[in-house]
Amino acid sequence: MKDLKYYMSLNYEIKIRQLTEEEGGGWFAEIPLLPGCMSDGETVEEAITNINDAKKCWIETCLKLGRDIPEPTTDDFSGQLRLRMPKSLHKALSERAKAENVSLNQLIIYQLARGVGHPIK
């Protein structure tokens, strides 16, 4: 069973940007794969420390509520997904799934269902 320690060990992408004076200054950090997981800090280091605390709270809450926790994907595309396909197609599908914040399987099932006119629920 995947626990807090497991999820905390995963390498989630952190996006960080400098806040304008109108926004209060400092630095803003977020983990795009975990919707709503964001924080800030006066320095980059503080923002990173704070986003890691926010990540822990986000994951703990999902575990308590029994919600799915997205996992980061790796960049090593094998070209297989229970069927063979060109590596370029595998990469394109993976990037699209990440952009839409869904799993690769969900995206493929959705696209296949659309392609054959199957009702999408």
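Both backbone and side-chain heavy atoms feed into the values below; hydrogens, waters and symmetry mates do not.
- For the side-chain hydrogen bond (donor to acceptor under 3.5 Å, both in side chains) condition, the pairs that include at least one residue of residues 14-25, sequence neighbours left out, are Arg17-Glu23, Thr20-Glu22, Thr20-Glu23.
- The 12-atom threshold is exceeded at CG of Asp3, counting heavy atoms of other residues, nucleotides or ligands nearer than 6.0 Å.
- Grouped with Tyr7 in one hydrophobic cluster are Leu4, Tyr6, Met8, Leu10, Tyr12, Ile14, Ile31, Leu33, Leu34, Ile51, Trp58, Ile59, Leu63, Ile69, the linkage being side-chain heavy-atom contacts under 4.5 Å among Ile, Leu, Val, Met, Phe, Trp and Tyr residues.
- Checked against side chain to side chain contact (heavy atoms under 4.5 Å, CB included), Val102 has the following partners two or more places apart in sequence or in another chain: Ala97, Glu100, Gln106, Leu107.
- A search for side chain to side chain donor-acceptor pair (under 3.5 Å) contacts involving Tyr110 returns nothing, not counting sequence neighbours.
- Lys2 is linked by a side chain to side chain donor-acceptor pair (under 3.5 Å) to Glu71, counting only residues two or more places apart in sequence or in another chain.
- Between the OG atom in Ser94 and the CD1 atom in Ile108 there is a gap of 7.0 Å [rounded to 0.5 Å].
- With sequence neighbours left out, Leu65 forms a side chain to side chain contact (heavy atoms under 4.5 Å, CB included) with Thr61, Arg67.
- With sequence neighbours left out, Lys98 forms a salt bridge (Lys or Arg N to Asp or Glu O under 4.0 Å) with Glu13.
- For Ala113, the side chain to side chain contact (heavy atoms under 4.5 Å, CB included) partners at least two apart in sequence or on another chain are His118, Ile120.
- Sorted by first and then second residue, the salt bridge (charged side-chain N to carboxylate O under 4.0 Å, His left out) pairs with a member in residues 24-53 form an empty list; sequence neighbours excluded.
- Nearest heavy atoms, Ala47 versus Ala29: O-CB, 4.0 Å.
- To the nearest 0.5 Å, atoms CD (Glu60) and NZ (Lys55) are separated by 12.0 Å.
- With side-chain heavy atoms closer than 4.5 Å counting as contact, directly or through intermediates, the hydrophobic cluster containing Met38 also holds Leu19, Phe28.
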